[in-house]
Amino acid sequence: MAGYQRWEMTPQQARLLQEELRAGLILAGGPEEDVGLVGGADVSFNRHNNKLYAAVVVLSYPRLEFVEVGTAVMTAAFPYIPGLLAFREGPAFDAAWARLRHRPQVVLFDGHGIAHPRGLGIAAHIGVLYDMPTIGVAKRKLVGRYDPPGPQPGDFTPLEYGGTQIGVALRTKKRAKPVFVSPGHRFGFTEAVDFVLTCCRGYKLPEPTRLAHLEANKLRKQDL
DNA sequence: GCGACAG
DNA sequence: ATCTTGTCGC
C-alpha cells in the first residue's frame, strides 16, 4: 500500500486494519548474532500548534554510542485514541526514519508491541510494515494485569491478558517503576527482555528510547 | 453507569 | 504527550 495513505482512515477502519496486520506478526526470534546498530523511536507533542516531533536515534551495539538521529516535524492529523497510537505517530515516524543514513537491525519503540487490545501496538504495527525486528518499551500498561516485579534490575513478572502472556513488567532500575516490554515483530518474549536489558545503562529507560525522547524534546523546543 | 485508558 | 521548580529521600 502507498506510504502516504496507510495511516489515512477512520478509527473504525484503523481497528479493522490492525486485525488484518496482526496475522502477519512473527512472534519468535531475536537479534541476529551480528547486531551492530540499534534504533530508538519517540515522538513529542506541542498542544499549542498541534505538531508532532519525531526522533529516531541510531546507536552502535552493544556499546550504545550515538551514531545519528533522524527527525521530522508535522501537524498531527489523527487524534490520540488509546489503542490507535500508531495512526497518530506513524506518519511522523515514517518521515524521521526516511532521513536516516543507517539501518539499525533492531528498533525499540516508546509504546507497546503486542501488549495491546488487538495485539498490534505501535512497535508491532511498524515492525510488520517494515518487516523489521522491533520491541515495545512502554512506561505504562495499556491492557492486562501483572504483579509488581522484584526490586532488582532485571527482575520481571508476566503481563497477562485474555488468559495469555502479552509482555512483561520489567524492573530496569532500583526504586523506579517497571517498564512494560513486549515483542513487536520477529522477537520472542525472552529475547525481547534480554535485548532490552543489554540496552540499559543505569536509567529506567533503555538508551535507544531514552535518547530518542531527549532528541524529540530538543526538536520541539527548537521549533520556537 | 463506572473505571481503565501506550503517547 | 504537555502544563511545571524545587525538594525530600535513597
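We name chains A, B, ... by the order of the sequence lines, and we start the count at 1 in each one.
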Protein-nucleotide distance ([X], atom [atom1]; [N], atom [atom2]), rounded to Å:
X         : N      : atom1 : atom2 : result
Lys221(A) : dT4(C) : NZ    : C1'   : 12 Å
Tyr146(A) : dA6(B) : OH    : P     : 12 Å
Asn49(A)  : dC3(C) : CG    : P     : 11 Å

Any [X] side-chain N or O less than 4.0 Å from OP1/OP2 of [N]:
X         : N      : value
Lys141(A) : dA6(B) : no
Lys51(A)  : dA1(C) : no
Arg88(A)  : dG7(B) : no
Ser44(A)  : dG7(B) : no

What does [X] touch in the nucleic acid at a heavy-atom separation under 4.0 angstrom: a base, only the sugar-phosphate, or nothing?
X         : answer
Gly136(A) : nothing
Asn46(A)  : nothing
Lys174(A) : nothing
His116(A) : base
Leu52(A)  : nothing
Leu120(A) : nothing

Below 30° counts as parallel, above 60° as perpendicular, anything between as tilted: where do the rings of Trp7(A) and Phe87(A) land?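 Trp7(A) and Phe87(A): perpendicular rings.
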Relative to the ring of His112(A), is the ring of Phe180(A) parallel (under 30°), tilted (30 to 60°) or perpendicular (over 60°)? tilted
Please evaluate residues His213(A) and Asp110(A) with respect to the criterion side-chain hydrogen bond (donor to acceptor under 3.5 Å, both in side chains), reporting the C-alpha separation (whole Å), side-chain torsions for both, the decisive distance (0.1 Å), and the verdict. CA-CA 8 Å; His213(A) 193 282; Asp110(A) 188 344; 4.9 Å; no
Check whether the aromatic ring of Phe180(A) stacks on the base of dA6(B), taking stacking as ring centres less than 5.5 Å apart and planes within 30° of each other.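 Check failed, Phe180(A) does not stack on base of dA6(B).
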With the side chain of [X] defined as its heavy atoms from C-beta on, choose the nearest nucleotide among [options].
X         : options                 : answer
Asn217(A) : dT2(C), dG7(B), dC10(C) : dT2(C)
His112(A) : dC5(B), dA6(B), dG7(B)  : dA6(B)
Arg220(A) : dT2(C), dA6(B), dC10(C) : dT2(C)
Arg47(A)  : dA4(B), dA6(B), dC3(C)  : dC3(C)

Please name the residue in the list Arg88(A), Glu89(A), Lys51(A) that meets the side chain to side chain contact (heavy atoms under 4.5 Å, CB included) test with Phe45(A).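 With Phe45(A) as partner, Arg88(A), Glu89(A), Lys51(A) yield a single side chain to side chain contact (heavy atoms under 4.5 Å, CB included), made by Arg88(A).
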Are Leu120(A) and Leu25(A) side-chain neighbours, meaning at least one heavy-atom pair lies under 4.5 Å?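 Of all side-chain heavy-atom pairs linking Leu25(A) with Leu120(A), at least one is under 4.5 Å.
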